[in-house]
Amino acid sequence: MKYFTMKELTKSSTADKLGIDNTPTPEASAQLSNLVTHVLDPLREMYGKAITVNSGYRCPKLNAAVGGAKSSQHMRGEAADITGGSREENKKLFELIRDNLPFDQLLNESDYSWVHVSYVSTSKNRKQILSL
């Protein structure tokens, strides 16, 4: 992991506020490393600027606390919500991922308020593109 740390992939103000231990399982840590290796680090190289992780790994208790989907890939360490700081920058991130990188799901969230990207190393990535 060149540009991202496990700490930033697991940080959560909600977990801090509620006293939730958001330490990933060994399996989730391995998946986070795969997400960084195959998507986030190459994206950072192409983008040439810092990328902020708004939400990475979420333990089941944290996922429930933030209203995440019951089958959220965040709970398996396969997903991250990222931002370049603005809708325009997020649209650039979205397009770089879509056009150049492997991914399972790529979501334009709330008109590029942030970008959700997931990567699965245990099965075939679906290349599913959605706008929510």
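Heavy-atom basis, side chains included; hydrogens, waters and symmetry copies ignored. The residues of the chain are indexed from 1 along the displayed sequence.
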Peer 1: Roughly how far, to the nearest 0.5 Å, is the CG atom of Leu18 from the OG atom of Ser13?
Peer 2: 9.0 Å
Peer 1: Which heavy atom of Arg98 sits nearest a heavy atom of Phe103, and at what distance?
Peer 2: CA-CE2, 3.9 Å
Peer 1: Rounded to the nearest 0.5 Å, what separation is found between the OG atom of Ser12 and the CG atom of Asn22?
Peer 2: 6.0 Å
Peer 1: Rounded to the nearest 0.5 Å, how far does OH of Tyr57 lie from CG of Asn63?
Peer 2: 9.5 Å
Peer 1: Do any pairs count as a salt bridge (Lys or Arg N to Asp or Glu O under 4.0 Å) and have a residue in residues 33-50, sequence neighbours left out, and if so which ones?
Peer 2: Lys2-Glu45, Lys49-Glu89
Peer 1: Could you pull out the closest heavy-atom pair between Ala80 and Val53, with the gap in Å?
Peer 2: CB-CG1, 4.4 Å
Peer 1: For a quick test of reading the model, state the closest non-hydrogen atom pair linking Ser33 to Met6 and the distance between them.
Peer 2: OG-CE, 4.1 Å
Peer 1: In the structure I gave you, are the side-chain heavy atoms of Arg87 and Ser113 within less than 4.5 Å of one another anywhere?
Peer 2: yes
Peer 1: If you look only at pairs with a residue in residues 69-79, which of them pass as a salt bridge (Lys or Arg N to Asp or Glu O under 4.0 Å), with sequence neighbours excluded?
Peer 2: Arg76-Glu78
Peer 1: Are Leu9 and Leu40 close enough that some pair of their side-chain heavy atoms sits under 4.5 Å apart?
Peer 2: yes
Peer 1: Hey, mind stepping through His74 and Asp81 against side chain to side chain contact (heavy atoms under 4.5 Å, CB included) and telling me if it holds?
Peer 2: CA-CA 9 Å; His74 287 276; Asp81 296 337; 3.4 Å; yes
Peer 1: Any chain of hydrophobic side-chain contacts (each under 4.5 Å) joining Met1 to Met46?
Peer 2: yes
Peer 1: When rounded to the nearest 0.5 angstrom, what distance separates CD in Glu27 from CG in Leu32?
Peer 2: 12.0 Å
Peer 1: Taking Asn125 for the side chain and Asp104 for the main chain, is one N or O donor matched with an acceptor at less than 3.5 Å?
Peer 2: yes
Peer 1: So if I apply the side-chain contact (heavy atoms from CB on, under 4.5 Å) rule between Ile82 and each of Val39, Asn90, Leu43, which one comes out positive?
Peer 2: Leu43
Peer 1: Is a side-chain donor or acceptor of Thr10 paired with a backbone partner of Thr23 at a separation under 3.5 angstrom?
Peer 2: no
Peer 1: Between atom NZ of Lys11 and atom CG of Asp16, what is the distance when rounded to the nearest 0.5 Å?
Peer 2: 10.0 Å
Peer 1: Can you tell me if Lys61 has over 12 outside heavy atoms packed within less than 6.0 Å of its NZ?
Peer 2: no
Peer 1: Is it the case that the side chain of Arg58 and the backbone of Ala15 share a donor-acceptor pair, with hydrogens and angles ignored and the cut-off at 3.5 Å?
Peer 2: no
Peer 1: Are Leu106 and Val120 grouped together when hydrophobic residues (ILVMFWY) are joined by side-chain heavy atoms under 4.5 angstrom apart?
Peer 2: no
Peer 1: Considering residues at least two apart in sequence or located in another chain, which fulfil the side chain to side chain donor-acceptor pair (under 3.5 Å) criterion with Lys91?
Peer 2: Glu95
Peer 1: Not counting sequence neighbours, which residues clear side chain to side chain donor-acceptor pair (under 3.5 Å) with Asn108? List them please.
Peer 2: none
Peer 1: For the hydrophobic clusters of this structure (ILVMFWY residues joined by side-chain heavy atoms under 4.5 Å, transitively), does one cluster hold both Tyr3 and Val115?
Peer 2: yes
Peer 1: Hey, could you give me the CH2/OG1 distance between Trp114 and Thr83, rounded to the nearest 0.5 Å?
Peer 2: 10.0 Å
Peer 1: Could you state whether Ile51 and Leu35 fall into the same hydrophobic cluster, counting links through intermediate Ile, Leu, Val, Met, Phe, Trp or Tyr residues with side-chain heavy atoms under 4.5 angstrom apart?
Peer 2: yes
Peer 1: Report whether Tyr119 and Phe4 are members of the same hydrophobic cluster (ILVMFWY, side-chain heavy atoms less than 4.5 Å apart, transitive linking).
Peer 2: yes
Peer 1: Side chain to side chain donor-acceptor pair (under 3.5 Å) with Ser86: which residues, sequence neighbours excluded?
Peer 2: Glu88
Peer 1: Rest of the hydrophobic cluster containing Leu107 (Ile/Leu/Val/Met/Phe/Trp/Tyr, side-chain heavy atoms under 4.5 Å)?
Peer 2: Leu130, Leu132
